[in-house]
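Structure, as structure tokens:
Because only heavy atoms are used, hydrogens play no part in the values below, and waters and symmetry mates are left out as well, while side chains stay in.
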Amino acid sequence: MARFSTSTRSAATVSAEPDAVWATLTDPDEIARLTPFLQRVTEHGEHWVWEMTRVPVLGKSFSFSFTERMTFDEPHRIEFAHDPDAALAEESAGVEGWYALQPRSGGTHLETSMTISVDLPFPALTKPAVNTAMKGVVTLMGQRFSQNLLNHLGARAL
């Protein structure tokens with residue numbers, strides 16, 4: 001078992017008002033519906049428990065659950081940090097990151113950054129291949145989430 005991680009960062013300006021973007025990003029059910037490989041997000045006060053469906057990595061697939069402490073600075077910033085001490089069971093995955101929203105003429109500038117870390121039953125020497133595979137999955141998830149978010153908001157990228 002070894003620890004693997006990948007990071008992603010993206011930004012776009014969309015033709016949706018900040019309050020609509022904020023409402024979507026702070027709704028656990030909508031986040032689950034819009035995010036590929038995400039089965040459900042359950043809110044427990046300041047914590048959200050994220051449950052992934054089976055995610056493919058190097059010919060195998062894994063499911064994960066992770067507990068995130070959510071911090072909301074309405075209407076500008078959402079931060080999330082893995083909080084394994086608040087989890088109901090041992091977790092092998094976690095995410096650290098944030099969303100930042102800024103009003104723009106005709107829409108909202110949305111920026112996000114996150115680092116995903118998982119323990120997987122691969123030897124450490126496979127790290128380059130596993131990290132590349134993880135990066136591919138995370139990129140696909142981000143692209144599909146972005147398109148789903150635009151569709152949900154009835155918006156377009158500016």
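- S63 and R54 get closest at one heavy-atom pair: OG-NH1, 3.7 Å.
- Looking at every heavy atom in both residues, P56 comes nearest to V137 through O-CG2, 3.4 Å.
- Contact record, G107 with P18: O-CD, 4.1 Å, taken as the closest heavy-atom pair.
- The aromatic rings of W22 and F72 sit perpendicular, their planes meeting at an angle over 60°, well past the 30° parallel limit.
- The backbone N or O of F145 sits nowhere less than 3.5 Å from a side-chain atom of T35 that would complete a donor-acceptor pair.
- Grouping the Ile, Leu, Val, Met, Phe, Trp and Tyr side chains by contacts below 4.5 angstrom, directly or via other members, places I31 with L101.
- Between the side chain of S15 and the main chain of A157, no donor-acceptor pair closer than 3.5 Å is present.
- In this structure the side chain of P75 never reaches within 4.5 angstrom of the side chain of D19, judged on heavy atoms.
- Put simply, the side chain of L58 does not reach to within 4.5 Å of the side chain of L120, judged on heavy atoms.
- In the hydrophobic clustering of this structure, V49 does not group with L34; members are Ile, Leu, Val, Met, Phe, Trp, Tyr whose side-chain heavy atoms approach within less than 4.5 Å, directly or through other members.
- Of the possible donor and acceptor atoms, none in the side chain of E68 sits under 3.5 Å from a partner among the backbone N and O of W50.
- E96 contributes a side-chain N or O that, together with a main-chain N or O of H82, makes up a donor-acceptor pair within less than 3.5 Å.
- In terms of modelled atom types and a separation under 3.5 Å, the side chain of K135 and the main chain of S7 share a donor-acceptor contact.
- Between L149 and L110, the closest side-chain pair of non-hydrogen atoms falls below 4.5 Å.
- Atoms CD and OG1, from E74 and T26 in turn, are 7.0 Å apart once rounded to the nearest 0.5 Å.
- In terms of heavy atoms, A16 sits closest to A155 at CB-CB, 3.9 Å.
- The backbone N or O of R144 sits less than 3.5 Å from a side-chain atom of N148, completing a donor-acceptor pair.
- Going from atom CG of D119 over to atom CD of E91 covers 11.0 Å, rounded to the nearest 0.5 Å.
- Remark: R3 CZ to K127 NZ distance equals 9.5 Å, nearest 0.5 Å.
- The list of ring-ring contact (aromatic ring centres under 6.0 Å, His included) pairs with a residue in residues 105-140, not counting sequence neighbours, reads F62-F122.
- A continuous path of Ile, Leu, Val, Met, Phe, Trp and Tyr side chains, each step under 4.5 Å between heavy atoms, connects V57 with F4, placing both in one hydrophobic cluster.
- Residues S92 and V118 are not in side-chain contact: their nearest non-hydrogen atoms beyond the backbone lie 4.5 Å or more apart.
- Here the side chains of M52 and L38 are in contact, with some heavy-atom distance below 4.5 Å.
- W98 and I78 are members of different hydrophobic clusters when ILVMFWY side chains are connected at heavy-atom separations under 4.5 Å.
- You'll find the side chain of Y99 reaches within 4.5 Å of the side chain of F80, heavy atoms only.
- Residue F37 is grouped with residue V130 when hydrophobic side chains (ILVMFWY) are merged at heavy-atom distances under 4.5 angstrom, including chains of intermediate members.
- One finds the CD atom of Q102 at 7.5 Å from the CD atom of E111 (value rounded to the nearest 0.5 Å).
- In plain terms, the two heavy atoms of E30 and T24 that are nearest each other are CB-O, 4.0 Å.
- Counting non-hydrogen atoms of other residues, nucleotides and ligands closer than 6.0 Å to CZ of R156 gives a total of 12 or fewer.
- Within the 4.5 Å cutoff, the side chain of H47 has heavy atoms near those of the R69 side chain.
- When every heavy atom of S113 is checked against every heavy atom of R9, the shortest pair comes out as CB-CG, 4.1 Å.
- No side-chain heavy atom of N131 sits less than 4.5 Å from a side-chain heavy atom of T6.
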